[in-house]
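Following: one structure in structure tokens, then a few remarks.
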Amino acid sequence: MMKKVYEKVNETLYSEVLPNGLTVYLLPKPDFHKTYGLFTTDYGSIDNRFIPLGEKEFITVPDGIAHFLEHKMFEKETGDVFQDFGKQGASANAFTSFTKTSYLFSATDNIDLNVATLLDFVQAPYFTAESVNKEKGIIGQEIQMYQDDPNWRQFFGIINNLYPQHPLHIDIAGTVESIAEITAEDLYTCYNTFYHPSNMKLFVVGNIEPESMMTLIKENQASKDFLLPQPIQRAFPAETLTDIKKVDSLEMPVARAKGVLGIKVLTNQLPTDNTELLRFKTAASLLWQLLLGTTSKNYLRLYDEGIIDDTFGYEFNLDRTFCFADFGGDSDKPAELTKAVKEILLNYGEDTEINETNLTLLKKRMLGKFFQSLNSLEYIANQFNQNLFGELTLFDLPEIIQSITLADIYSCGDQMIDEAAMSEFFMYPKGE
């Protein structure tokens, strides 16, 4: 078992790759009563075209199948796994993103038993035609709920503009029509390919003793049989800037209009070195804060002019096969909002908000929020599994933040900000 001490954050991380390929991370937090376990597979909604384990030809599976699979994992021949966790004093849940599916529990007691239950239920699929068909109605209602959410529709509206060919633009849960096509055999195909231990990570953080916990996990895994691992082959369309839809809109029953500006970054423009990639991601977050954060003069000016309100915000997503940022919110002047944001971004090179004083303040703020967030076991586990850059982990972030310079900020802007990579999406009140 490897042991790595992160002195800047006062954390000690233990890790080991087991013979079946499963990577295990253990983070003891002796001052906490609670323990949180997160079991994650590198498989999300965008992975809809791949070569199944043991086969040679690519297949395409129905949209939304990763999320559907997540739902079905809790149902077993013997009953509902939620009830097992409940009897053991644990709270359980799961979630699916574009690139990951995670299963979790949190508890203050019966930790060994709950870790074993987490491993066992995720590694024992049970799908039947009857139970799969029953689930379609439940997930169909969930899809409809998201279709009625204006912010969700706005988010996917700009993604659809930026990535019309990439499966990223498809709702994580799929559509009512696509999930109607899913069969139990489809679920087993996806499960066998993406839920192999070599494609998964287990992270346990809390009041644990690492040696005994690792022994428990190793014995649990040694008692199970798995096929030999093989590299997973996924297929995605080649990304360009020419396929971007420059503008689109939607009407919904909302009280105020919304405007959002998106920027797509081609992944072949991103650094290939893991340290540089984490620096790039950190510099990008600082760049957006400098230009349009709530403490910037640009934000205050647009707010005073009535172009934005406190719903304005931005997101930056960098993950497997995609990278984009979006900026927007409610506005009575949505076209003016996207126009103003575009002008600020395109003129970042001359923007006086990008200076040494502001960068130093924002780096201190980012570090403060980072250290504060380490009080949350859920934050640590979720961010750790979502943001692994090779050997680098969440705990390398303070050093990366401190190392960012103005030159990094400008370099990041040069790589990302391009008018040809921009798109606008608007949502208007229905009937106006």
Side-chain angles (χ1 to χ4, degrees), residues 21 40-73 94-102 122 125 127 132 135-136 139-140 142-143 146 155-201 227-245 264-270 272 317-324 385-386 388:
T40 299
T41 175
D42 188 20
Y43 170 50
S45 65
I46 65 171
D47 300 309
N48 63 0
R49 183 162 172 75
F50 59 91
I51 297 179
L53 183 67
E55 298 185 21
K56 295 181 179 178
E57 302 293 329
F58 276 97
I59 65 167
T60 301
V61 292
D63 297 331
I65 196 165
H67 172 257
F68 200 108
L69 185 52
E70 172 221 307
H71 269 240
K72 290 306 303 167
M73 289 305 299
F95 55 89
T96 303
S97 69
F98 292 121
T99 59
K100 304 278 193 304
T101 306
S102 295
V122 175
F127 313 127
V132 168
E135 198 70 24
K136 291 175 182 176
I139 295 179
E142 186 178 341
I143 291 171
Y146 280 110
F155 180 60
F156 273 92
I158 192 64
I159 293 177
N160 189 57
N161 281 7
L162 296 172
Y163 291 91
Q165 310 300 327
H166 192 289
L168 185 70
H169 76 273
I170 300 165
D171 193 302
I172 290 170
T175 65
V176 172
E177 293 75 20
S178 69
I179 65 168
E181 301 172 10
I182 294 174
T183 66
E185 289 72 26
D186 291 333
L187 295 182
Y188 277 115
T189 298
C190 293
Y191 180 88
N192 292 333
T193 302
F194 294 106
Y195 280 65
H196 192 281
S198 61
N199 194 46
M200 302 188 72
K201 292 179 174 59
L227 295 175
L228 290 174
Q230 68 179 49
I232 297 173
Q233 296 187 59
R234 304 166 165 96
F236 297 98
E239 284 300 317
T240 68
L241 298 184
T242 55
D243 61 1
I244 293 175
K245 187 186 292 185
K264 174 178 174 178
V265 183
L266 298 179
T267 52
N268 60 12
Q269 297 176 346
L270 299 175
T272 53
N317 286 274
L318 189 164
D319 209 323
R320 179 162 49 82
T321 74
F322 61 86
C323 179
F324 69 93
N385 270 13
Q386 292 289 330
L388 284 170

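None of the values given here were measured: they were computed from a predicted structure. These values consider heavy atoms only, across backbone and side chains, with no hydrogens, waters or symmetry-generated copies.
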Closest heavy-atom contact between [X] and [Y]?
X	Y	value
Ser178	Pro62	O-CB, 3.4 Å
Val132	Phe68	O-CZ, 3.4 Å
Pro229	Ser198	CB-OG, 3.3 Å
Met73	Tyr191	CE-CE1, 3.7 Å
Ser102	Thr40	OG-OG1, 2.7 Å
Lys264	Thr240	NZ-O, 2.8 Å

(message) Exactly one of Leu53, Ile51, Ile59 should register a side chain to side chain contact (heavy atoms under 4.5 Å, CB included) with Thr193. Which one does?
(response) Leu53
Reported [atom1]-to-[atom2] distance for the pair [X] and [Y], which is rounded to 0.5 angstrom:
X	Y	atom1	atom2	answer
Leu187	Lys72	CG	NZ	8.5 Å
Thr96	Ile65	OG1	CD1	11.5 Å
Thr101	Ile172	OG1	CD1	9.5 Å
Lys201	Lys100	NZ	NZ	7.5 Å
Lys245	Leu162	NZ	CG	11.0 Å
Thr41	Leu69	OG1	CG	9.0 Å

(request) Decide if atom OH of Tyr188 counts as having more than 12 heavy atoms of other residues, nucleotides or ligands within a radius under 6.0 Å. (result) yes
(message) Under the criterion ring-ring contact (aromatic ring centres under 6.0 Å, His included), I'd like the reasoning laid out for Phe322 against Phe98: C-alpha separation, chi angles, the key distance, then a yes or no.
(response) CA-CA 10 Å; Phe322 61 86; Phe98 292 121; 5.8 Å; yes
(message) The criterion is salt bridge (charged side-chain N to carboxylate O under 4.0 Å, His left out); which residues satisfy it with Arg320, sequence neighbours excluded?
(response) Asp42, Asp47
(message) Distance alone, cut at 3.5 Å: any donor-acceptor contact between the side chains of Thr189 and Asp186?
(response) no
Sidechain-backbone polar pair: [X] side chain, [Y] backbone, donor-acceptor under 3.5 Å:
X	Y	value
Lys136	Ile182	yes
His196	Leu227	yes
Tyr195	Val122	no

Would a 4.5 Å heavy-atom cut-off, applied to side chains only, mark [X] and [Y] as touching?
X	Y	value
Asp63	Asn48	yes
Tyr43	Met200	no
Asp243	His166	no
Thr175	Asp171	no

(message) Before we go on, tell me: are the rings of Phe194 and Phe50 under 6.0 Å apart, centre to centre?
(response) yes
(request) Give me the ring orientation class for Phe324 and Tyr163: parallel if the planes are under 30° apart, tilted from 30 to 60°, perpendicular past 60°. (result) perpendicular
